[in-house]
Colleague: 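Below: one structure in structure tokens.
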Amino acid sequence: MFAALAEEIRLLLPPRLQLHETWSLRYSLEQHGVSLSTLYDRTSAAGAGGGGGGAGYVLVVRDLSGGIFGAYLNEPPRPTGRYIGTGECFLWKSSQAPLRFRAFPYSGINDYLILADSGYLSVGGGDGKYGLWLNDTFDKGLSQFCNTFGNEPLSEEGEKFEVMGVEVWKIG
């Protein structure tokens, strides 16, 4: 299923990244432990060749009910105290067998794309809502309608969900 899902995501990537065949796993909850700071370190420009150079990043979240969803980030998530990212970012969700994929591109309504700090990582926002929000211990998440992407909640568990897996893949 991952190959089919990756192909769906690839079609929505900026043209400069669509031809990249290799995606490298930069962070995995299973391999690297429960640490948002480790995710930031492993995806940053300084962290083991993780960032820079016009690369893109695919955030993949698996919830307790087996749902798989996430975001495409045009720059590595890092705690800046301000929103980063461009309109290349998008949210996505999939369901299994047969694969159904749905993407939520940037709406242009606001620029609340990627916001990270030591306590959370979020993608999309507006009116006190988050398109996708993960806490620093990767056990709880939120996904709500947000103006940035005009998305529906990404998890079938509803707006609040329990996290079972988190990965970040670098493209480019």
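No hydrogens, no waters, no symmetry mates; every other heavy atom, side chains included, goes into these values. This structure is a prediction, so every number in the text was calculated from the model and none was measured.
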Colleague: Taking C-beta and beyond as the side chain, do L5 and F101 meet within less than 4.5 Å on heavy atoms?
Modeller: yes

Colleague: Heavy-atom distance under 4.5 Å between the side chains of I9 and W92, does that happen here?
Modeller: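 Contact flag for I9/W92 side chains = yes.
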
Colleague: Check step by step if side-chain contact (heavy atoms from CB on, under 4.5 Å) holds for Q31 and R42.
Modeller: CA-CA 12 Å; Q31 292 179 25; R42 292 192 55 82; over 6 Å; no

Colleague: If you take all heavy atoms of L134 and V163, which pair is closest and at what distance?
Modeller: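 Closest approach of L134 to V163: CD2-CG2, 3.8 Å.
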
Colleague: Distance check, rounded to the nearest 0.5 Å: D41 atom CG versus H32 atom NE2?
Modeller: 11.5 Å

Colleague: Could you work out, with side chain to side chain donor-acceptor pair (under 3.5 Å) as the rule, every residue matching E156, not counting sequence neighbours?
Modeller: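 E156 satisfies side chain to side chain donor-acceptor pair (under 3.5 Å) with K93 once adjacent residues are dropped.
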
Colleague: Write out all pairs satisfying side-chain hydrogen bond (donor to acceptor under 3.5 Å, both in side chains) with one or both partners inside residues 4-14, taking only residues at least two apart or from two chains.
Modeller: E7-R10

Colleague: Just jot down the ring-ring contact (aromatic ring centres under 6.0 Å, His included) partners of F138, sequence neighbours excluded, or say none.
Modeller: Y27

Colleague: Run the ring-ring contact (aromatic ring centres under 6.0 Å, His included) test against W169 and tell me which residues pass, sequence neighbours left out.
Modeller: F2

Colleague: Which hydrophobic side chains are connected to L64, either touching it within the sub-4.5 Å cutoff or through other members that do?
Modeller: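 Reading the cluster by chain and number, L64 sits alongside M164.
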
Colleague: So which heavy atom on E162 is nearest to which on K140, and how close?
Modeller: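 It is CG-NZ, 4.1 Å.
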
Colleague: So, do T43 and P77 sit near enough that their side-chain heavy atoms are less than 4.5 Å apart?
Modeller: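 They are in contact (side-chain heavy atoms under 4.5 Å apart), so the answer is yes.
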
Colleague: Would you mind reporting whether I84 and R78 have side-chain heavy atoms less than 4.5 Å apart?
Modeller: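 Yes; the side chains approach each other to less than 4.5 Å.
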
Colleague: Can you name the closest pair of heavy atoms from E152 and S143 and give their distance?
Modeller: O-OG, 4.3 Å

Colleague: Using the rule that Ile, Leu, Val, Met, Phe, Trp and Tyr join whenever any side-chain heavy atoms are under 4.5 Å apart, tell me whether I109 and Y83 fall into a single cluster.
Modeller: no

Colleague: Distance check, rounded to the nearest 0.5 Å: E30 atom CD versus R62 atom CZ?
Modeller: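 If we round to the nearest 0.5 Å, E30:CD and R62:CZ are 6.0 Å apart.
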
Colleague: Please tell me whether Y106 and Y112 are part of a single hydrophobic cluster in this structure, the criterion being side-chain heavy atoms less than 4.5 Å apart.
Modeller: no

Colleague: If every non-hydrogen atom of G56 is compared with every non-hydrogen atom of L17, which pair is closest and at what distance?
Modeller: N-CD1, 3.7 Å

Colleague: Side chains of F104 and C146: does their closest heavy-atom pair fall under 4.5 Å?
Modeller: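 SC-SC contact between F104 and C146 ruled out.
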
Colleague: Please walk me through it: do F161 and L154 pass side-chain contact (heavy atoms from CB on, under 4.5 Å)?
Modeller: CA-CA 10 Å; F161 60 88; L154 302 177; over 6 Å; no

Colleague: How many angstroms lie between CG in L19 and CG in L13, if you round to the nearest 0.5 Å?
Modeller: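 It is 10.5 Å, given to the nearest 0.5 Å.
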
Colleague: Backbone N or O of L142 within a donor-acceptor pair of the E159 side chain at under 3.5 Å?
Modeller: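 Not a single qualifying donor-acceptor pair exists.
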
Colleague: Could you give the side-chain donor-acceptor pairs of residues 114-133 under 3.5 Å, partners two or more places apart or in another chain?
Modeller:
residue, atom, partner, partner atom, Å
D117, OD1, G119, N, 2.5
S122, OG, L115, O, 3.2
D127, OD2, N147, ND2, 3.1

Colleague: Please check this pair: side chain of E157 against backbone of S65, looking for a donor-acceptor N/O pair closer than 3.5 Å.
Modeller: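 Checked: pair present.
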
Colleague: Set out, in order, the CA-CA distance, both residues' side-chain angles and the distance that settles side-chain contact (heavy atoms from CB on, under 4.5 Å) for W23 and V58, then state yes or no.
Modeller: CA-CA 9 Å; W23 294 21; V58 177; 3.8 Å; yes

Colleague: Between CG of D111 and CZ of R82, what distance do you get to the nearest 0.5 Å?
Modeller: 12.0 Å

Colleague: How long is the straight-line distance from OH of Y57 back to CG of N74, given to the nearest 0.5 Å?
Modeller: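 Separation between the atoms: 10.0 Å.
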
Colleague: Hey, does the side chain of R100 reach the backbone of S95 with a donor-acceptor pair shorter than 3.5 angstrom?
Modeller: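 Looks like no, no N/O pair under 3.5 Å.
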
Colleague: Pick from P79, S35, P76: which one makes a side-chain contact (heavy atoms from CB on, under 4.5 Å) with Y40?
Modeller: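 When side-chain contact (heavy atoms from CB on, under 4.5 Å) is applied between Y40 and each of P79, S35, P76, only P79 qualifies.
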
Colleague: With a 4.5 Å cut-off on side-chain heavy atoms, are L113 and F149 touching?
Modeller: yes

